[in-house]
K.L.:
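Before I ask anything, let me first share the structure, which is written out below as structure tokens.
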There are 2 protein chains.
Amino acid sequence: MNTSVKKVALLNAAERLFYEHGFRGVGLKQIIREADVATMTLYNHFSSKEHLVEEVLKQREERYWSYLDALVQEEYETPFLFAVKAHGKWLEEESYQGDMFLRAIEDYAGTNNDIENIARSHKSRLLRYFQTLAKRIGEDNSNDLAHYFTLLLEGTTSMTTLMGAEKATEYSMAMAKKIVYSPS
Amino acid sequence: MNTSVKKVALLNAAERLFYEHGFRGVGLKQIIREADVATMTLYNHFSSKEHLVEEVLKQREERYWSYLDALVQEEYETPFLFAVKAHGKWLEEESYQGDMFLRAIEDYAGTNNDIENIARSHKSRLLRYFQTLAKRIGEDNSNDLAHYFTLLLEGTTSMTTLMGAEKATEYSMAMAKKIVYSPS
DNA sequence: CCTTATATAGAACGACCTTTATATCTTAAA
DNA sequence: TTTAAGATATAAAGGTCGTTCTATATAAGG
């Protein structure tokens, strides 16, 4: 048994609470209570709150890419549009209120470099993902295209906070089509 | 003298610090120190930290619209593109690291409705602004267009955190042109 | 059986937080 | 000159925070 059931409970409770109320808006006491775990159990698995934040971010990144990969590979014809749609589904199910990684960057910038770097690396991976897609298509301005879609997904996430994932995705899909089927 | 010099110092210090480290990442002690003010002076002007947050948001909203209005009216021909550019300038000068209103919504959702409502009303005002512009143009799908540009600005703000305002604005301007000059 | 890992409850620590209280000082208008 | 408002310094209350400590319990593996 590599990962204990208690550690999983802690990570899940922490991810949910951090996402709902922000990293600084949640105390360890609350996490411990909701994970139904003793104080020292937390400190046996994570050496500090900030290390817990790091692990939560890593877990969320993994979940995000698993979710996206699984969906995107269903449809291979128009990977760009499908990525937008898949991201929209992720927002609907798991990200109704902003982006945890962006918040981590903002909350810990200049305070905790480890946390900030983990969050930033997730974001650069998103850009790299679109760059790979764009090159495969063989566009001449593939780097620009990748940036457009990164910006589009970021915008959709923000809009989700304002009007829900369904409407946000509806608009971002329409924009995505304009971008894909538009002369460069 | 309607607003005292100390109150202004408090609001400015608070806005800067809240923006840099988040509402919960800054204590009143730090705000008081950097505003060079006594504790009771803060409580003479603001009845609590959360009320201070409200006033900071109101001040920032005013500054944002003053900034945008002043610039947009310089060029009246293509108001959409110019709004994107003006927003980019705002990002460059005052918003290098995410959006304060979005953070307020996320940090205080379910905790403080007053703060959340102030932040949300700023966002709905942004949408209304674009709706007005779109109607003036006389597009048939003016409501969609307004949403596209709201999403575009939100995306640009997020991208600024990731790669700076200059590059973010460069890409969002290119996207804006594709959207404006694209068949509906 | 013994060891080791994992878990438990509960108290306590010092630091920091927001807020209130008290008492003094400046200043400008009435 | 008196008065009232604004600002000051200092202290402390009351709470929460992250973290550590102690001491005990359980269960699986060698």
Side-chain angles (χ1 to χ4, degrees), chain A residues 1-57 59 103-104 107-108 110-116 118, chain B residues 1-57 59 103-104 107-108 110-116 118:
Chain A
M1 201 187 301
N2 204 3
T3 35
S4 81
V5 58
K6 294 293 181 180
K7 185 172 183 181
V8 172
L10 277 166
L11 282 170
N12 288 339
E15 183 179 341
R16 179 169 41 84
L17 290 170
F18 283 152
Y19 183 71
E20 271 188 24
H21 303 105
F23 302 104
R24 295 211 153 90
V26 178
L28 294 182
K29 197 174 177 179
Q30 197 180 351
I31 295 172
I32 285 163
R33 191 186 339 117
E34 302 216 9
D36 196 33
V37 148
T39 309
M40 278 315 295
T41 303
L42 188 152
Y43 277 95
N44 281 335
H45 291 294
F46 311 97
S47 57
S48 69
K49 183 186 183 180
E50 305 203 335
H51 279 105
L52 174 60
V53 171
E54 292 182 24
E55 297 299 317
V56 165
L57 288 175
Q59 164 172 289
R103 292 183 80 178
D107 278 3
Y108 290 104
T111 297
N112 186 312
N113 286 325
D114 291 330
I115 294 178
E116 191 189 346
I118 290 171
Chain B
M1 201 191 301
N2 201 5
T3 36
S4 82
V5 57
K6 294 293 180 181
K7 184 172 184 180
V8 172
L10 277 166
L11 281 170
N12 288 339
E15 183 179 340
R16 179 169 42 84
L17 290 170
F18 283 152
Y19 183 70
E20 272 188 23
H21 304 105
F23 303 104
R24 295 207 157 93
V26 178
L28 296 182
K29 196 176 179 178
Q30 198 179 353
I31 294 172
I32 285 164
R33 187 182 348 114
E34 302 216 10
D36 196 34
V37 147
T39 308
M40 280 313 295
T41 303
L42 187 152
Y43 277 95
N44 281 336
H45 291 293
F46 311 96
S47 57
S48 70
K49 184 186 184 181
E50 304 204 333
H51 279 105
L52 174 59
V53 170
E54 292 183 24
E55 297 298 317
V56 165
L57 288 175
Q59 163 173 290
R103 291 183 81 177
D107 279 3
Y108 291 105
T111 298
N112 185 312
N113 286 325
D114 291 330
I115 294 178
E116 190 189 347
I118 290 172

K.L.:
Just the rounded figure in Å: distance from P of D:dC17 to CD of A:Glu50.
P.N.:
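Spelled out: CD on A:Glu50 to P on D:dC17 is 16 Å.
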K.L.:
Using whole Å, what does the distance between atom P of nucleotide D:dC17 and atom CG of A:Leu42 come to?
P.N.:
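Roughly 14 Å, once rounded to whole Å.
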K.L.:
What is the distance, rounded to the nearest whole Å, between atom CE of B:Met40 and atom C1' of C:dA23?
P.N.:
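After rounding, the gap between these two atoms is 12 Å.
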K.L.:
As a quick check of understanding, evaluate side chain to side chain contact (heavy atoms under 4.5 Å, CB included) for A:Glu55 and A:His45, giving each step before the final call.
P.N.:
CA-CA 10 Å; A:Glu55 297 299 317; A:His45 291 294; over 6 Å; no
K.L.:
In whole angstroms, how far is the C1' atom of C:dA7 from the CG atom of A:Asp36?
P.N.:
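For the pair A:Asp36 CG and C:dA7 C1', the rounded distance is 12 Å.
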K.L.:
Looking only at side-chain N and O atoms, does A:His45 come under 4.0 Å of OP1 or OP2 in C:dT6?
P.N.:
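Looking at the OP1 and OP2 atoms of C:dT6, neither is under 4.0 Å from any side-chain N or O of A:His45.
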K.L.:
Figure out the NE2/C1' separation between A:His51 and D:dT19, and round it to whole Å.
P.N.:
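Between C1' of D:dT19 and NE2 of A:His51: 14 Å.
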K.L.:
Identify the two heavy atoms, one from B:Lys49 and one from B:Val26, that lie closest to each other, and give their separation to 0.1 Å.
P.N.:
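Looking at all heavy atoms of both residues, the closest pair is NZ-O, 2.8 Å.
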K.L.:
Atom CD1 of B:Ile32 and atom C1' of C:dT19: how far apart are they, to the nearest Å?
P.N.:
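Going from B:Ile32 (CD1) to C:dT19 (C1'), I get 10 Å.
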K.L.:
Counting only heavy atoms from other residues, nucleotides and ligands, does the tally under 6.0 Å from CG of B:Asp36 exceed 12?
P.N.:
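Counting neighbours around CG of B:Asp36, 12 or fewer heavy atoms of other residues, nucleotides or ligands fall under 6.0 Å, so no.
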K.L.:
Would you say a side-chain N or O of A:Lys6 is under 4.0 Å from OP1 or OP2 of C:dT8?
P.N.:
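True: A:Lys6 side-chain N/O within range (under 4.0 Å) of C:dT8 OP1/OP2.
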K.L.:
Once you round it to whole Å, what is the distance between C1' of D:dT8 and OH of B:Tyr43?
P.N.:
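Checked: the OH to C1' distance equals 17 Å.
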K.L.:
Counting side-chain heavy atoms from CB outward, which of C:dA7, C:dA9, C:dT18 is closest to A:Ala38?
P.N.:
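Nearest to the side-chain atoms of A:Ala38, counting from C-beta on, is C:dA9.
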K.L.:
Looking at A:Lys49, does any N or O in its side chain come under 4.0 Å of the phosphate oxygens OP1/OP2 on D:dG18?
P.N.:
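The answer is yes; a side-chain N or O of A:Lys49 sits under 4.0 Å from OP1 or OP2.
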K.L.:
For the side chain of A:Arg103 and the backbone of A:Tyr19, is there at least one donor-acceptor N/O pair under 3.5 Å apart?
P.N.:
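Yes; at least one donor-acceptor contact below 3.5 Å.
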K.L.:
Measure across B:Tyr108 and B:Phe23 and return the closest heavy-atom pair with its distance rounded to 0.1 Å.
P.N.:
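Minimum heavy-atom contact is OH-CB, 3.4 Å.
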K.L.:
Counting heavy atoms from C-beta on, name the nucleotide in D:dT19, D:dT8, C:dA7 closest to the side chain of A:Thr41.
P.N.:
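Per side-chain heavy atoms of A:Thr41, the pick is C:dA7.
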K.L.:
Hey, does A:Thr39 reach any base, or is it just sugar-phosphate, or nothing, if we go heavy atoms under 4.0 Å?
P.N.:
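Since a base atom lies under 4.0 Å of A:Thr39, the category is base.
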K.L.:
Rounded off to whole Å, could you give me the CG-to-P distance for the B:Leu28 and D:dG14 pair?
P.N.:
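Nearest whole value for this atom pair: 19 Å.
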